[in-house]
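Notes follow once the structure below has been shown.
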Amino acid sequence: MPNKQNISKLAKVARKVREHAHAPYSHFQVGAAIESYGGKIFSGCNVENISYGLTICAERNAVSAAVASGARSFRRIVIVADSKEPVTPCGACRQVLSEFSDAMEVISVNLDGKEFRATLAELLPRSKAGILDHPGST
């Protein structure tokens with residue numbers, strides 16, 4: 001069971017980094033904070049591009065920051081956005097996150113504090129099935 005203090009800390013980091021998002025087209029700023037099993041926290045925000053396909057989501061930015069620092073296994077990720085309902089990672093982010101842990105807890109929070117929680121496996125079942133005949137596919 002996650003420690004509420006840890007979740008609160010991750011949400012605070014995600015909320016803060018969200019302020020640095022580059023979202024001149026959608027005006028939809030997202031922040032993410034990912035926690036490694038070693039207890040380190042890495043953050044990222046969305047960075048839009050006029051060519052929308054080149055936009056990088058907050059979740060993938062957080063993963064990239066973590067990997068660049070040497071982290072490879074993650075306990076949970078917290079995503080913060082200004083939305084009526086908490087947002088969950090897009091399909092591309094779900095697939096990238098699954099590279100590191102299907103058991104990762106995903107916690108989405110809006111600015112009003114409303115939460116949604118799920119495991120990554122619940123959000124993206126069979127993430128590796130059939131891909132490159134991965135030994136972990138089911």
Side-chain angles (χ1 to χ4, degrees):
M1 181 60 71
N3 178 325
K4 282 190 175 205
Q5 189 175 17
N6 288 357
I7 303 300
S8 179
K9 182 177 181 181
L10 285 165
K12 184 177 180 180
V13 169
R15 188 180 288 255
K16 182 71 176 164
V17 74
R18 177 187 163 275
E19 296 171 8
H20 298 291
H22 177 73
Y25 308 105
S26 72
H27 306 288
F28 188 69
Q29 297 173 298
V30 181
I34 193 165
E35 180 186 6
S36 72
Y37 273 101
K40 291 187 179 179
I41 296 172
F42 305 91
S43 63
C45 59
N46 57 318
V47 178
E48 291 181 352
N49 188 282
I50 196 164
S51 175
Y52 250 50
L54 299 178
T55 293
I56 302 170
C57 298
E59 299 91 330
R60 283 182 278 151
N61 258 338
V63 168
S64 295
V67 169
S69 294
R72 295 287 189 279
S73 61
F74 306 106
R75 181 184 320 267
R76 65 184 59 94
I77 187 167
V78 174
I79 301 122
V80 175
D82 186 10
S83 54
K84 184 176 178 180
E85 293 295 321
V87 298
T88 58
C90 72
C93 287
R94 292 176 191 200
Q95 190 65 51
V96 168
L97 290 166
S98 77
E99 182 74 15
F100 301 96
S101 172
D102 289 330
M104 185 185 315
E105 183 179 19
V106 177
I107 303 160
S108 299
V109 183
N110 68 11
L111 294 183
D112 294 328
K114 187 173 183 180
E115 271 186 24
F116 171 83
R117 292 178 184 231
T119 65
L120 189 56
E122 291 170 327
L123 295 176
L124 185 67
R126 301 188 55 188
S127 65
K128 296 173 181 69
I131 299 175
L132 300 176
D133 294 323
H134 187 277
S137 63
T138 54

### Task
In sequence, state the C-alpha distance, the side-chain angles, and the governing distance for Cys45 and His20, and then conclude on side-chain contact (heavy atoms from CB on, under 4.5 Å).
CA-CA 7 Å; Cys45 59; His20 298 291; 4.3 Å; yes

### Task
Tell me, with the steps shown, if Leu123 and Phe116 meet side-chain contact (heavy atoms from CB on, under 4.5 Å).
CA-CA 12 Å; Leu123 295 176; Phe116 171 83; 4.1 Å; yes

### Task
Would you sort out whether Val87 and Phe28 count as a side-chain contact (heavy atoms from CB on, under 4.5 Å), showing the intermediate values?
CA-CA 11 Å; Val87 298; Phe28 188 69; 3.8 Å; yes

### Full working for side-chain contact (heavy atoms from CB on, under 4.5 Å) between Val80 and Val30
CA-CA 6 Å; Val80 175; Val30 181; over 6 Å; no

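Between Glu115 and Pro86, the shortest heavy-atom distance links the atoms C-CG, 3.9 Å. Residues Ala71 and Ser36 share a closest heavy-atom pair of CB-CB, 4.3 Å. Pairing each heavy atom of Lys128 with each of Asp102, the nearest pair is NZ-OD1, 3.5 Å. Across all their heavy atoms, Ala11 and Val78 have their closest contact at CA-CG1, 3.8 Å. Ile79 and Pro89 make their closest contact through CD1-CG, 3.7 Å (heavy atoms, listed as atom of the first residue, atom of the second, distance). Here the closest non-hydrogen pair linking Thr55 and Glu48 is OG1-CA, 3.4 Å.
At least one donor-acceptor pair closer than 3.5 Å links the side chain of Asn110 to the backbone N or O of Gly113. Of the possible polar contacts, none joining the Gln95 side chain to the Ala92 backbone as a donor-acceptor pair under 3.5 Å is found. Judged by distance alone, the side chain of Ser51 and the main-chain N or O of Leu54 form no donor-acceptor pair under 3.5 Å.
With contacts defined as side-chain heavy-atom distances shorter than 4.5 Å, the pair Asn46/Asn61 does not qualify. Put simply, the side chain of Asn6 reaches to within 4.5 Å of the side chain of Arg76, judged on heavy atoms. Residues Arg75 and Ile34 have side chains not in contact (no heavy-atom distance under 4.5 Å, counting atoms from C-beta outward). Using a 4.5 Å cut-off on side-chain heavy atoms (C-beta onward), Cys93 and Arg60 make contact. You'll find the side chain of Lys114 stays beyond 4.5 Å of the side chain of Val109, heavy atoms only. Side-chain contact between Ile41 and Lys9 is present, with heavy atoms from C-beta onward closer than 4.5 Å.
Hydrophobic cluster membership is shared by Met104 and Val63, with clusters built from Ile, Leu, Val, Met, Phe, Trp and Tyr side chains linked at under 4.5 angstrom. Linking ILVMFWY residues whenever their side-chain heavy atoms come closer than 4.5 Å, directly or via other members, places Val67 and Val106 in the same cluster. Taking hydrophobic clusters as Ile, Leu, Val, Met, Phe, Trp and Tyr residues chained together by side-chain heavy-atom distances below 4.5 Å, Val17 does not share a cluster with Val47.
Taken to the nearest 0.5 Å, the CZ atom of Phe74 stands 8.5 Å off from the CG atom of Leu97. The CG atom of Asp82 sits 8.5 Å away from the CD atom of Gln29 when rounded to the nearest 0.5 Å. In this structure, Glu105 CD and Leu10 CG are separated by 9.5 Å, a value rounded to the nearest 0.5 Å. To the nearest 0.5 Å, the span separating OG on Ser83 from CG on Asp112 amounts to 9.0 Å. Atoms CG and CZ, from Leu120 and Phe100 in turn, are 11.5 Å apart once rounded to the nearest 0.5 Å. Atoms CG and NZ, on Leu111 and Lys84 in that order, are 15.0 Å from each other to the nearest 0.5 Å.
Side chains of Ser108 and Arg117: a donor-acceptor N/O pair is absent below 3.5 angstrom, by distance only.
By the 4.0 Å N-to-carboxylate-O rule, Lys40 lies too far from Glu35 to be salt-bridged with it.
Atom CD1 of Ile50 is surrounded by 12 or fewer heavy atoms from other residues, nucleotides or ligands within 6.0 Å.
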